[in-house]
Amino acid sequence: MPSPAPTSAARTAVLHTTLLEWYAANARDLPWRGECTPWGVFLSEVMSHQTPVARVEPIWRQWLERWPTPTHLADDSPGEGVRAWGRLGYPRRALRLHEAATVMRDDFGGQVPRSEADLLALPGVGPYTAAAVAAFAYGLRTTVVDTNIRRVLARAIEGKALAAPAVTRAEMDLAASLVPDDPATAAVWNVAVMELGALVCTARLPRCGDCPLLDQCAWVAAGQPTYAGPARRSQAWHGTDRQVRGAIVQLLREAPGPVTRRALEAAGEDAPQVDRCIDSLVADGLVEPLARNRFRLPR
DNA sequence: GACTCGTGGTT
DNA sequence: TAACCAAGAGT
C-alpha cells in the first residue's frame with residue numbers, strides 16, 4: 001500500500017516547522033531585531049531598500065542616536081537627513097523619511113502608525129515596507145513580499161530559478177496562502193523566509209547544501225533549471241544622470257555651506273548635463289536653490 | 001508595465 | 001573587468 005500523498009495543508013505545516021526551526025538556529029543578530037522601537041524598525045526597513053545590511057547598520061545607529069523619535073527628525077531640517085544619509089544611495093529616501101516623520105509628529109502623536117493602511121499612506125512607504133513594519137514592529141499578521149521571499153517561493157514552491165522581474169498578483173496570493181494564522185508566528189515566518197533568501201537561497205550562488213528545504217524544494221526536484229524569463233536590463237552607470245546627481249549631492253553633503261553652480265560642475269564631464277541634473281534635484285527637493293547661482297541641501 | 005532613482009561589494 | 005545585485009517606491 002503506497003502511503004497517501006500528503007495534503008497541501010500538511011505540506012504547508014512541514015514547511016512552517018522546518019523553516020521556523022532553521023530561523024531559530026540561524027538568524028543573524030541584527031540590531032533592529034529583538035529590543036527595538038517601532039521607529040528603529042521603520043528606519044531599518046527604509047534604509048534597507050536595495051541596500052545591503054552591512055552598509056545600513058552604521059548609518060542606522062547614527063540616525064537613531066541623533067533622532068531617537070520621529071519628532072526629533074521632523075524638528076530637524078530635511079537637508080540634515082540627506083547629509084546624515086551619507087553614501088547609502090537613493091537619497092530621496094532620506095527626504096521621504098523626514099516627510100514621514102513629520103506626518104507621524106503631526107497626525108500620529110509622534111508614533112509610527114500601526115495599521116498597514118496608515119503605514120502605506122506615508123511617503124516612501126510601499127507594500128513591502130508597510131507589511132514589514134506592521135509585522136516586525138507590532139507583531140501584526142501581514143503578508144511580506146520582498147525580493148528574497150519572491151525568490152525563495154519561486155524556487156521552493158514553483159520550481160523556477162528566479163521570480164519574475166516585477167511582483168505579480170499570483171506571487172502575492174501564494175505568499176499570503178503560506179502565512180501562518182497566528183500573528184506572532186506569522187511575523188517570524190515572514191522574516192524567516194526573508195532570511196533564508198538572504199543567507200542560503202541567494203540569487204547568484206544558492207547554497208543548497210545548507211538549505212533546510214532541500215528535500216522539499218521544487219526547483220531542486222526539477223533539476224535546478226536556469227532562469228527562463230525575459231532578459232533583465234543591466235543598469236548603466238558611467239556618464240548617467242544617476243552618477244552625476246549622486247556626485248552633486250555628495251558635493252553638497254561635504255560642503256559646510258552653500259556651493260556655487262561653478263563648483264558643482266565638477267560633478268560631471270558635461271556642463272549641460274550637470275545643469276539638467278541640478279534642475280532635477282531641485283525639482284525633487286533634494287537641492288535648494290539660492291540667489292546668485294548657489295545651492296545647498298534643503299533647510 | 002516600463003523607467004528612474006545611488007552606491008559599493010562580489011564574481 | 002564588466003556585470004550582477006542588494007529588506008522598493010514613485011511616476
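Chain letters run A, B, ... following the sequence lines, proteins first and then strands; every chain starts at 1. These values consider heavy atoms only, across backbone and side chains, with no hydrogens, waters or symmetry-generated copies.
Residues A/L286 and A/R245 come closest through the heavy atom pair CD1-NH2, 4.0 Å. Taking all atoms of both residues into account, the shortest heavy-atom contact from A/R141 to A/A176 is NH2-O, 4.3 Å.
Evaluation of the ring-ring contact (aromatic ring centres under 6.0 Å, His included) test over residues 83-134 of chain A, restricted to residues two or more places apart or in two chains, returns A/W63-A/W85. For residues 97-121 of chain A, the set of pairs meeting the salt bridge (Lys or Arg N to Asp or Glu O under 4.0 Å) definition, not counting sequence neighbours, comprises A/D75-A/R105. Sorted pairs that involve residues 254-280 of chain A and meet ring-ring contact (aromatic ring centres under 6.0 Å, His included), not counting sequence neighbours, are lacking altogether.
Under the side chain to side chain contact (heavy atoms under 4.5 Å, CB included) criterion, A/R253 pairs with A/R83, A/P91, A/V249, A/Q250, A/L297, not counting sequence neighbours. Partners of A/D210 according to the side chain to side chain contact (heavy atoms under 4.5 Å, CB included) rule, which considers only residues two or more places apart in sequence or in another chain, are A/R207.
Residue contacts for A/L162: at a heavy-atom cut-off of 4.0 Å it reaches no nucleic acid atom on any strand shown. Residue A/A166 is out of contact with every strand shown, counting any heavy-atom pair closer than 4.0 Å. If you check every strand for non-hydrogen atoms under 4.0 Å, A/R151 touches sugar and phosphate atoms only.
No donor-acceptor distance shorter than 3.5 angstrom exists from the side chain of A/R294 to the backbone of A/P289, with no hydrogens or angles considered. With hydrogens and angles ignored, the 3.5 Å screen pairs no side-chain donor or acceptor of A/H238 with any backbone N or O of A/Q243. Between the A/R155 side chain and the A/A161 main chain, a donor and an acceptor come within less than 3.5 Å of each other.
Remark: the separation of the C1' atoms in B/dG1 and C/dG8 is 16 Å, to the nearest Å. Annotation: C/dC5 and B/dG6 have their C1' atoms spaced 13 Å apart (nearest Å). When the P atom is used for both B/dG8 and C/dA9, the distance is 22 Å, rounded to whole Å.
B/dT7 atom P lies 10 Å from atom CZ of A/R245, rounded to whole Å. Between A/H238 atom NE2 and B/dG8 atom P there is a gap of 12 Å when expressed in whole angstrom units. One interatomic measurement links the two molecules: CG of A/L251 to C1' of B/dG6, which rounds to 15 Å at whole-angstrom precision.
Using a 3.5 Å distance cut-off with no hydrogens or angles, the side chains of A/Q273 and A/D241 do pair a donor with an acceptor.
Heavy-atom distances under 4.0 Å link DNA chain C to A/M194, A/A198 of residues 172-201 of chain A, given in residue order. For the contact set between residues 76-96 of chain A and DNA chain C, defined by any heavy atom under 4.0 Å, the members are A/R96. Using a 4.0 Å cut-off on heavy atoms, the residues of residues 118-138 of chain A that approach DNA chain C are A/P123, A/G124, A/V125, A/G126, A/P127, A/Y128, A/T129, listed by number.
Partner of A/P113 under the side chain to side chain contact (heavy atoms under 4.5 Å, CB included) criterion, chosen from A/L119, A/L120, A/V103: A/L119.
A/W237 belongs to no hydrophobic cluster with other residues, because no ILVMFWY side-chain heavy atom falls under 4.5 Å from its own, directly or through intermediates.
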Assess whether side-chain hydrogen bond (donor to acceptor under 3.5 Å, both in side chains) is satisfied between A/R93 and A/T51, documenting all intermediate values. CA-CA 12 Å; A/R93 290 182 291 167; A/T51 309; 3.1 Å; yes
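Under the 4.5 Å side-chain contact rule for hydrophobic residues, A/L43 and A/W67 share a cluster.
Nearest-nucleotide positions on DNA chain B place A/V167 closer to the 5' end than the other of A/V167 and A/S280.
Of all nucleotides in DNA chain C, those with any atom nearer than 4.0 Å to a heavy atom of chain A start and finish, going 5' to 3', at C/dC4 to C/dG10.
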Can you list, pair by pair, the side-chain donor-acceptor contacts under 3.5 Å of residues 183-190 of chain A, counting residues two or more places apart and other chains?
from: A/T185; atom 1: OG1; to: A/D182; atom 2: OD2; distance (Å): 2.7
from: A/N190; atom 1: OD1; to: A/V144; atom 2: N; distance (Å): 3.4
from: A/N190; atom 1: ND2; to: A/T142; atom 2: O; distance (Å): 2.9
from: A/N190; atom 1: ND2; to: A/A186; atom 2: O; distance (Å): 3.3

So which protein nitrogen or oxygen atoms get under 3.5 Å of nucleotides 9-11 of chain B's nitrogens or oxygens?
none

